[in-house]
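Report on one structure; see the data block that follows.
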Amino acid sequence: MTPAERCPRCGAVVEPAADGGARCPACLLALAAEEAEGTVGGGSIAAGEAAAGAGIADRGGAPAGGELPTPLAGASAPLGTDRIGPYRLLERIGEGGMGEVWLAEQQAPIRRRVALKLIKPGMGSREVVARFEAERQALALMGHPGIARVLDAGAAPDGRPFFVMEHVAGVPITEYCDRHRLATRERLELFVAVCRAIHHAHQRGILHRDVKPSNVLVALEEGRPTPKVIDFGLAKALNQRLTEKTLYTQRGLFVGTPAYMSPEQAAGGALDLDVTTDVYSLGVLLYELLTGALPFDPERLRRAGLAEVERILREEAPPRPSTRVSAAGADSAEAAVRRGSDPPALARQLRGDLDWIALRALEKDRTRRYPSASELAADVERHLRREPVLARPPSLAYRVGRLAARHKVGFATATALLVLLVGFAATMAVQSARLARQRD
């Protein structure tokens with residue numbers, strides 16, 4: 001009989017795990033939420049790897065002057081050497097439940113900095129290796145400027161698989177927007193680019209399943225901010241096999257980041273997910289970009305158990321973005337300042353179209369969400385062009401209002417002419433009545 005194991009966090013009896021990292025369901029959820037908030041440095045999060053890889057980029061970039069860091073600064077060599085194949089390891093820049101990310105230097109055939117992701121020591125269970133290879137294959141299928149490119153792959157001397165990606169010297173999209181105090185329009189333009197990148201992955205048959213700010217980095221390319229989606233560690237093939245090794249997700253297994261996951265993902269139905277689960281996560285990201293807050297309190301989700309998180313996501317309706325801004329007090333004032341506005345003005349910007357767009361992406365029933373990330377992007381672009389959005393129930397008054405907003409000069413001219421005509425008609429009617437009385 002297999003001996004019972006105890007969760008190292010709370011001491012509860014749990015089923016033994018292949019990699020020795022057994023935890024009870026409640027602790028798996030708490031750890032995933034903590035890592036999403038940056039409070040967990042590493043370790044096994046869950047069999048689903050709730051924060052796989054911590055990203056394929058650092059959060060800063062090259063030191064001043066463009067010099068490369070001192071080799072292995074702040075971390076020891078993972079294999080007792082600073083080289084893996086043609087790559088010289090410089091420093092560890094990321095760590096998650098499944099792998100370590102190293103800033104490395106490739107010297108031949110070209111000299112460049114890259115990000116090398118290596119599976120963690122002791123994490124070589126069959127499922128973890130399969131998931132790692134799935135991420136590697138998923139990235140190899142991509143070819144979009146908004147997705148970090150995979151450059152190479154192989155095995156380290158001790159047999160651990162690794163792959164090499166372009167090094168994205170960027171920061172999370174929310175941090176970038178707040179740091180530069182981007183207005184709502186500029187945030188929406190970045191968000192549209194993220195939606196297009198996710199749609200590209202969907203067209204290649206890949207779900208991301210962990211869309212969140214730390215997995216969307218913004219870096220400057222040719223002087224322009226460019227978002228790049230990273231970390232496909234939770235990626236799921238929609239209609240193809242990514243790896244020859246067995247890769248499966250049991251029903252009820254926790255996969256993802258609680259604050260950003262869809263109700264069906266929280267329910268553990270990972271075998272029945274489709275592109276709308278990423279649309280929901282994009283809706284959460286949009287909500288955060290607009291308001292500076294999440295639809296549901298992450299601290300509340302962190303304290304809740306698996307069943308309660310599923311109930312919250314399935315049953316409770318998030319407040320409208322405009323309502324959240326109006327009711328957040330001091331937090332709303334800070335969020336408004338970061339958007340170059342004030343709370344009343346920001347609430348007016350969000351009221352209407354952006355409320356409808358965000359809430360449609362966050363629909364509990366996935367058949368009522370946008371059917372694709374591309375459709376979500378298209379509706380945001382309609383709002384930016386002052387055209388009617390599909391998320392809002394159509395009405396004659398709304399469509400006339402959108403038409404007036406798009407053609408202010410023409411509409412004002414037409415309105416002035418209409419007023420003149422009505423005035424002329426009224427004047428003529430009065431004159432006719434006066435002449436009739438005089439005649440009589």
Side-chain angles (χ1 to χ4, degrees), residues 17-23 28 31-32 35 40-58 72 74-104 106 114-142 148-168 206 208-210 214-215 230-237 241-249 253-256:
D19 60 2
R23 295 183 189 274
L28 289 176
L31 281 169
E35 178 151 331
V40 175
S44 177
I45 300 303
E49 298 305 325
I56 310 300
D58 63 22
L72 301 178
S76 59
L79 302 169
T81 177
D82 66 347
R83 290 188 178 276
I84 296 180
Y87 304 100
R88 182 167 65 104
L89 304 183
L90 301 172
E91 64 174 325
R92 188 169 55 196
I93 57 177
E95 182 177 6
M98 182 175 63
E100 300 174 340
V101 184
W102 290 79
L103 178 63
Q106 180 183 2
V114 297
L116 185 148
K117 188 168 184 179
L118 179 69
I119 200 168
K120 279 185 174 181
M123 294 292 293
S125 69
R126 183 175 182 181
E127 182 177 353
V128 171
V129 171
R131 189 172 298 283
F132 192 91
E133 292 190 3
E135 179 182 4
R136 187 168 68 183
Q137 184 61 29
L139 289 166
L141 294 172
M142 310 298 178
R149 294 176 296 115
V150 63
L151 304 173
D152 193 8
D158 64 353
R160 283 187 283 160
F162 73 87
F163 64 91
V164 178
M165 295 183 62
E166 65 172 305
H167 175 242
V168 183
I206 303 296
H208 190 285
R209 296 201 297 173
D210 200 24
S214 61
N215 284 340
I230 64 169
D231 209 341
F232 280 76
L234 300 186
K236 173 181 180 290
R241 190 175 185 179
L242 293 179
T243 174
E244 293 302 314
K245 294 184 171 60
T246 301
L247 176 60
Y248 64 93
T249 307
L253 201 59
F254 181 81
V255 179

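- Rounding to the nearest 0.5 angstrom, the gap separating the CD1 atom in Ile119 from the CZ atom in Arg160 is 8.0 Å.
- Between Tyr87 and Ala104, the closest heavy-atom pair is CB-CB, 4.2 Å.
- With Phe163 as reference, Val150 is the one residue of Leu118, Leu151, Val150 to meet the side chain to side chain contact (heavy atoms under 4.5 Å, CB included) rule.
- Not one N or O on the side chain of His167 forms a donor-acceptor pair closer than 3.5 Å with the backbone of Leu116.
- At least one donor-acceptor pair under 3.5 Å links the side chain of Asn215 to the backbone N or O of Asp210.
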- Message: Evaluate Ile206 against Met142 for side chain to side chain contact (heavy atoms under 4.5 Å, CB included), listing each step before the verdict.
- Response: CA-CA 9 Å; Ile206 303 296; Met142 310 298 178; 3.7 Å; yes
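- Taking each heavy atom of Ile230 and His208 in turn, the nearest pair found is O-NE2, 2.9 Å.
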- Task: Apply side chain to side chain contact (heavy atoms under 4.5 Å, CB included) to Trp102 and Ile84, showing your working.
- Result: CA-CA 11 Å; Trp102 290 79; Ile84 296 180; over 6 Å; no
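- Taking both residues in full, the closest heavy atoms of Glu166 and Ala148 are given as OE2-CA, 3.3 Å, listed atom of the first, atom of the second, then distance.
- In this structure, CD1 on Ile93 lies 5.0 Å from CG on Leu103, to the nearest 0.5 angstrom.
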